[in-house]
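Data block below; observations after.
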Amino acid sequence: MTDPESSFDREIDQYRKAAEELAEQERELRARLDECRDGGDLLVDYQRYDSHLRQVQARQRNLAVGRSQYIADRDRLAAWGSTEDWVVAGSIVTVRYLDGHRDTFVLTERHTDSEYETVSYSSPMGQAVRKRRVGDKVSLPAGAPLVIDSIIPGFRRPASSPAEGHPEADSTAYPKIRRTVPTAAISDEALARQRCRDKAYRDDLYRRRYDPSVRPINDYVDKLRSERRVFIPYVAPTYGGVDAQLLTLMQDPGPKTDPANADGSGMICLENVDLSAARQKFFLDEAGIRISEIVSWNAYPWPKPHPQTGRSDREAAEALRGFLMLTPNLEVVILNGAVAKRIWRVLKEINPSCVAGISSYPTFHTSERAVNPTQKSDEYIGKVHNDLSNNYAAAARQLHST
């Protein structure tokens, strides 16, 4: 019989408990709504129950997304080796302050836990302790020094897993996921996974466009729209927004950012139903960069003119300067494509202090047009994908080294 301690996943168990609680709330609310339909309650009661049900369903969707992201992170971490002595997703961490006071929490994107306080990856504490080991000294942004006192792993490999470093080490219960970069050849499969295919998901994103994390940015979008009288997409609330540390600078709004188009979200969003978004999501995931760590913007926030001129480039650079003023924590920018590289260079020339301290990683655009097999050789397409992978990975290393 397998030792029960040799293989477990506490985080998945917590997701299960949370899902069961939400399912019970949903059943109760649906029963209340049925009673209202039978004439047992007033209309105002029905509206209250219906509103509460929608909130529960939104929490269920968010929980499912969080669970899927955790599994992807866990699988990647498990392929690297033991998680016994370093802080990863799901780790239970005890930190000790200089005065001897200790705090214990679990590192998770869930908001609740049945036993411990929760700390998110993107929080100051989460950023300080992640990938650290017992005995490491770290400091919070406010300057409070602390020591990692103990780590309890959130999951373990099965006892039958090959030893770390063994040739079959990837053949674990949580194998490293190997996926193919989305291209036009597999577009149907890639786009089927994009969540903005679901109108309810798009509507929920749009409803939350003024969430606190993105409100200053989207207020700025409203200002630019009013001044230029042109469509400019909002930034999705799923990003880290004003707290982001990494910027992915793209070219200009794609057709699926426009709600006037089929499946259009009205947002810059990694879940948009286009291959540029699907491909960027792939490279971010491959590099281990979480959406809560980043924000995305377009070098031309509005549809770029044809041709672009020195004046139009300066206007785009000024709009980018305004955006950077709203995102003071940025440390890294990935410049995707020729237009993004050029506008960043223009901004650096006209206002060097604005980009000082932000490390740039220039690479290709994630558009499928850059790897069109009818126009590009397999060798060239491989070069593009390697360049994207390498630059996203390099940006991730810098992001996670601080």
Between Arg67 and Tyr15, a side-chain donor and acceptor under 3.5 Å | no
Contacts satisfying salt bridge (Lys or Arg N to Asp or Glu O under 4.0 Å) that involve residues 287-300 (not counting sequence neighbours) are Asp73-Arg290, Arg130-Glu293
Using a 4.5 Å cut-off on heavy atoms from C-beta on, say whether the side chain of Tyr234 contacts that of Asp222.
-> yes
Taken to the nearest 0.5 Å, the spacing of Tyr206 OH from Lys199 NZ works out to 12.0 Å
Does atom CG of Asn386 have more than 12 heavy-atom neighbours from other groups under 6.0 Å away?
-> yes
Can you pull the salt bridge (Lys or Arg N to Asp or Glu O under 4.0 Å) pairs that have at least one residue in residues 332-349, sequence neighbours excluded?
-> Asp313-Arg342
State whether the side chain of Asp149 and the backbone N or O of Val147 hold a donor-acceptor pair below 3.5 Å, judged by distance alone.
-> no
Mark yes or no for whether Gln308, through its side chain, and Pro305, through its backbone, hold a donor-acceptor pair below 3.5 Å.
-> yes
Partner residues of Asp204 under the side-chain hydrogen bond (donor to acceptor under 3.5 Å, both in side chains) criterion, sequence neighbours left out = Arg207, Arg208
Any side-chain heavy atom of Arg30 sitting closer than 4.5 Å to one from Leu53?
-> yes
Heavy atoms of Val214 and Gly241 approach each other most closely as CG1-CA, 4.0 Å
Between the side chain of Gln194 and the main-chain N/O of Val273, is any donor-acceptor distance below 3.5 Å?
-> no
CG (Asn298) and CG (Asp252) are apart, to the nearest 0.5 Å, by 6.0 Å
Minimum-distance pair of heavy atoms, taken over all atoms of Leu107 and Gly126 = CD1-CA, 3.8 Å
Between Cys196 and Asn272, what is the shortest heavy-atom contact and its length?
-> SG-OD1, 3.7 Å
Within a radius of less than 6.0 Å around CZ of Arg54, do more than 12 heavy atoms belonging to other residues, nucleotides or ligands occur?
-> no
Pro253 and Ile232, any side-chain heavy atoms less than 4.5 Å apart = no
Mind checking side-chain hydrogen bond (donor to acceptor under 3.5 Å, both in side chains) for Gln60 and listing every partner two or more places apart, or none if nothing turns up?
-> Glu26
Look only at the side chain of Asp285 and the backbone of Lys281, and say whether a donor-acceptor pair between them is shorter than 3.5 Å.
-> no
Which pair of heavy atoms, one from Cys269 and one from Leu205, lies closest together, and at what distance?
-> SG-CD1, 3.7 Å
Quick one: does Asn218's side chain have a donor or acceptor within less than 3.5 Å of a partner on Val221's backbone?
-> no
Trp297 and Phe323 aromatic ring geometry - parallel, tilted or perpendicular at 30°/60° bounds = parallel
Run the side-chain contact (heavy atoms from CB on, under 4.5 Å) check on Leu335 and Thr363 step by step: do they pass?
-> CA-CA 6 Å; Leu335 304 172; Thr363 186; over 6 Å; no
Would a 4.5 Å heavy-atom cut-off, applied to side chains only, mark Val65 and Arg195 as touching?
-> yes
Tyr220 side-chain N/O to Ala319 backbone N/O, donor-acceptor pair under 3.5 Å | yes
Could you tell me the separation between the CD1 atom of Ile334 and the CG atom of Leu249, rounded to the nearest 0.5 Å?
-> 10.5 Å
Write out all pairs satisfying salt bridge (Lys or Arg N to Asp or Glu O under 4.0 Å) with one or both partners inside residues 224-250, taking only residues at least two apart or from two chains.
-> Lys223-Glu227, Arg228-Glu315
Scanning both residues in full, the closest heavy-atom pair of Leu140 with Ala128 reads CD2-CB, 4.0 Å
Show the numbers, then the answer: is there a salt bridge (charged side-chain N to carboxylate O under 4.0 Å, His left out) between Arg16 and Asp13?
-> CA-CA 5 Å; Arg16 177 185 58 77; Asp13 190 50; 2.4 Å; yes
Indicate whether the side chain of Asp103 and that of His101 have a donor and an acceptor atom separated by less than 3.5 Å.
-> yes
Is the backbone N or O of Ala260 less than 3.5 Å from a side-chain atom of Asp258, with the two atoms forming a donor-acceptor pair by type?
-> yes
In this structure, NE2 of His400 is separated from CG of Leu246 (nearest 0.5 Å) by 8.5 Å
Taking it one step at a time, do Lys256 and Asp274 satisfy salt bridge (charged side-chain N to carboxylate O under 4.0 Å, His left out)?
-> CA-CA 7 Å; Lys256 295 302 182 180; Asp274 66 68; over 6 Å; no
List the steps, then state whether side-chain hydrogen bond (donor to acceptor under 3.5 Å, both in side chains) holds for Glu286 with Ser389.
-> CA-CA 8 Å; Glu286 181 186 56; Ser389 289; 2.7 Å; yes
Side chains of Ser296 and Leu247: closer than 4.5 Å at any heavy-atom pair?
-> no
Closest heavy-atom pair and its distance - Arg321, Cys354 = CG-SG, 3.6 Å
Evaluation steps, side-chain hydrogen bond (donor to acceptor under 3.5 Å, both in side chains), between Tyr300 and Ser312 | CA-CA 9 Å; Tyr300 271 86; Ser312 69; 2.7 Å; yes
Would Lys17 and Glu20 pass as an ion pair if we require N to O under 4.0 Å?
-> no
Donor-acceptor pair, side chain of Thr327 and main chain of Leu330, under 3.5 angstrom | no
Within 6.0 angstrom of Lys383 NZ, more than 12 heavy atoms from elsewhere = no
Side-chain contact, heavy-atom cut-off 4.5 Å: Glu11 with Arg110?
-> yes
Using only heavy-atom distances, determine whether the side chains of Ser265 and Asp263 contain a donor-acceptor pair under 3.5 Å.
-> no
Taking only residues two or more places apart in sequence or in another chain, which ones pass side-chain hydrogen bond (donor to acceptor under 3.5 Å, both in side chains) with Asp198?
-> none
d(Ser120 OG, Glu109 CD) to nearest 0.5 Å is 5.0 Å
With the side chain counted from C-beta on, respond yes when Arg215 and Arg209 share a heavy-atom pair under 4.5 Å apart, and no when they do not.
-> no
How far apart are the C-alpha atoms of Arg279 and His365, what are their side-chain angles, what is the distance that settles it, and do they pass the side-chain hydrogen bond (donor to acceptor under 3.5 Å, both in side chains) test?
-> CA-CA 10 Å; Arg279 284 166 55 79; His365 198 287; over 6 Å; no
Report yes if some heavy atom in the side chain of Thr366 is under 4.5 Å from a heavy atom in the side chain of Tyr392; otherwise report no.
-> yes
To the nearest 0.5 angstrom, please state how far the CG atom of Leu22 sits from the CZ atom of Arg61.
-> 11.5 Å
Donor + acceptor pair across side chains of Tyr361, Gln398 (<3.5 Å) = yes
Would you sort out whether Glu318 and Arg314 count as a salt bridge (charged side-chain N to carboxylate O under 4.0 Å, His left out), showing the intermediate values?
-> CA-CA 6 Å; Glu318 284 296 332; Arg314 286 191 297 274; over 6 Å; no
Would you check if the side chain of Thr257 reaches a backbone N or O of Gly254 as a donor-acceptor pair within less than 3.5 Å?
-> yes
Looking only at side chains, do Gln280 and Thr248 share a donor and an acceptor under 3.5 Å apart?
-> yes
